[in-house]
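Each ligand, and each atom within it, is numbered from 1 in the order the structure gives. Below, each value reflects all heavy atoms present in this structure, side chains not excepted, and no hydrogens, waters or symmetry copies.
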Amino acid sequence: GTTLGASAAESGRYFGTAVAANKLSDSTYVGILNREFKMVTAENEMKIDALEPTQGQFTYTNADRIVNHAVGQGMRVRGHTLAWHSQQPTWMQNMSGTALRNAMLNHVTKVATYYRGKIHSWDVVNEAFQDGTSGARRDSNLQRTGNDWIEAAFRAARAADSSAKLCYNDYNTDNWSHAKTQAVYRMVQDFKARGVPIDCVGFQAHFNSGNPVPSNYHTTLQNFAALGVDVQITELDIEGSGSSQAQQYQGIVQACLAVTRCNGITVWGIRDSDSWRASGTPLLFDSSGNKKAAYTSVLNALNAA
Ligand code: G3I
């Protein structure tokens, strides 16, 4: 293939990117998006604060701009994200207990129902585990409603949309030996054993000097896949430049391609200037929209599959 999307599709995988609705009027951005990618994730527009800014009042305008663009281009959509401790609207930040649990479940149900049939995979729950060595759940208002909040969210999502794949998504879960990785693994293992509806695990894959690409990445993906879930790389970006960055991207793509159930890769933005990182050059296109060495190494790795 000559594009990321076409080359990934040759092995039955998708290649996607995060998209910001306010960039859909940028012709350079849209040109690359339409040419290269087959899957989109709304970078912010499907988060809780964006979709339910006032309790019970849902605003889908910006999210729908992205979904409609994707549908018009024959792209699919990853939904991001139904339940998260961050980017909650103020009304939700101030809630607790049963009221919060019910508000969260109502949000999951309403949003998953609205988008029923349009979503390839939902990040049902995002970032629910602590960093560091504890392996514990992250403290949050949602966690304080009870340890079963995650499975409750997954059951509500399945009831609302039986066709979307339901994913747990997190970061710093790339290194197999890290406590956070092990903790997420045990949760997925437990969910599968008890019939909690989980279909996939998303690995955000935000890499930098503090969180380098681990040499055991393939092991991590393979071990999760062996639990009976798909694995997806959901927010890939790698700090750096030149051949060093290109080699790290290549390693990530090769690790995914070596795992049958690693069925898709999404980068977290198109050009370096689109990245959430205030500085740095972590993406596949430079700020003018030119292909970087990292782009070429990813394309070649996909085509070698
Ligand atoms: O849109 C407002 C703008 O009106 C306002 O003037 C400006 C002032 O701060 O803020 C703008 O909103 C910002 C928004 O991005 C859009 O640019 C928010 O402040 C800012 O917090 C928000 O950052 C997003 C971040 O999630 C928030 O948690 C990033 O764009 C987005 O890339 C990032 O994505 C996350 C994933 O959802 C989860 N995994 C980690 C990943 C990277 O942090």
Side-chain angles (χ1 to χ4, degrees), residues 16-26 29 33 37 39-53 59-67 77-90 92-93 104 107-108 111 115 119 121-131 137-138 140-143 150 153 166-175 178 180-181 184 200-211 213 231-240 252 264-285 287:
T17 182
V19 168
N22 64 9
K23 291 177 182 156
L24 291 174
S25 52
D26 175 333
Y29 181 89
L33 171 62
F37 298 100
M39 180 75 74
V40 300
T41 306
E43 189 174 2
N44 288 293
E45 294 80 351
M46 285 194 195
K47 293 173 180 176
I48 314 171
D49 59 353
L51 293 186
E52 196 179 357
T59 56
Y60 292 103
T61 314
N62 286 328
D64 280 348
R65 288 173 65 195
I66 294 174
V67 173
V77 180
R78 292 193 84 263
H80 174 78
T81 176
L82 294 170
W84 192 19
H85 70 277
S86 182
Q87 282 179 280
Q88 292 181 359
T90 311
M92 186 179 274
Q93 292 175 31
M104 179 274 285
H107 183 86
V108 171
V111 174
Y115 282 117
I119 302 294
S121 309
W122 266 116
D123 290 335
V124 178
V125 170
N126 196 38
E127 302 176 358
F129 283 81
Q130 272 180 29
D131 294 310
R137 291 284 184 86
R138 178 193 294 274
S140 72
N141 60 348
L142 290 167
Q143 180 62 28
I150 298 179
L166 305 182
C167 306
Y168 176 78
N169 192 54
D170 214 329
Y171 66 91
N172 284 354
T173 48
D174 312 291
N175 192 320
H178 283 180
K180 187 171 174 180
T181 310
V184 174
C200 37
V201 175
F203 296 82
Q204 293 186 9
H206 294 292
F207 296 110
N208 54 35
S209 55
N211 181 45
V213 175
V231 294
Q232 303 170 343
I233 296 170
T234 54
E235 306 183 12
L236 177 61
D237 52 22
I238 307 176
E239 262 303 350
I252 293 293
I265 300 173
T266 295
V267 288
W268 205 240
I270 296 178
R271 301 162 299 194
D272 286 333
S273 52
D274 299 315
S275 172
W276 66 288
R277 294 189 188 278
S279 59
T281 54
L283 295 172
L284 300 180
F285 296 86
S287 295

Enquirer: Yes or no on side-chain contact (heavy atoms from CB on, under 4.5 Å) for L33 and K23, after CA distance, side-chain angles and deciding distance?
Expert: CA-CA 11 Å; L33 171 62; K23 291 177 182 156; over 6 Å; no
Enquirer: Establish, from distance only, whether the side-chain atoms of S86 and E127 form a donor-acceptor pair under 3.5 Å.
Expert: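 Their side chains do not contain a donor-acceptor pair, so the 3.5 Å distance test is not met.
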Enquirer: Does E45 use its side chain to pair, donor to acceptor, with the backbone of A21 at less than 3.5 Å?
Expert: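 Yes, because the side chain of E45 sits within donor-acceptor range (under 3.5 Å) of the backbone of A21.
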Enquirer: Step by step, would you call V111 with W122 a side-chain contact (heavy atoms from CB on, under 4.5 Å)?
Expert: CA-CA 11 Å; V111 174; W122 266 116; 3.6 Å; yes
Enquirer: Are the side chain of T266 and the backbone of E235 linked by a donor-acceptor contact shorter than 3.5 Å?
Expert: no
Enquirer: Is the shortest side-chain heavy-atom distance between P282 and D272 below 4.5 Å?
Expert: yes
Enquirer: Could you go through ligand 1 and list every pair where one of its N or O atoms sits under 3.5 Å from a protein N or O, giving the atom names and the distance to one decimal?
Expert:
unit_1: ligand 1; atom_1: 26 (O); unit_2: K47; atom_2: NZ; d: 3.0
unit_1: ligand 1; atom_1: 28 (O); unit_2: Q87; atom_2: OE1; d: 2.8
unit_1: ligand 1; atom_1: 30 (O); unit_2: E43; atom_2: OE2; d: 3.4
unit_1: ligand 1; atom_1: 30 (O); unit_2: N44; atom_2: ND2; d: 2.9
unit_1: ligand 1; atom_1: 32 (O); unit_2: E43; atom_2: OE2; d: 2.5
unit_1: ligand 1; atom_1: 32 (O); unit_2: W268; atom_2: NE1; d: 2.9
unit_1: ligand 1; atom_1: 34 (O); unit_2: W268; atom_2: NE1; d: 3.2
unit_1: ligand 1; atom_1: 37 (O); unit_2: K47; atom_2: NZ; d: 2.6
unit_1: ligand 1; atom_1: 37 (O); unit_2: H80; atom_2: NE2; d: 2.7
unit_1: ligand 1; atom_1: 39 (N); unit_2: E127; atom_2: OE2; d: 2.9
unit_1: ligand 1; atom_1: 39 (N); unit_2: Q204; atom_2: OE1; d: 2.9
unit_1: ligand 1; atom_1: 39 (N); unit_2: Q204; atom_2: NE2; d: 3.4
unit_1: ligand 1; atom_1: 39 (N); unit_2: E235; atom_2: OE1; d: 2.6
unit_1: ligand 1; atom_1: 39 (N); unit_2: E235; atom_2: OE2; d: 3.4

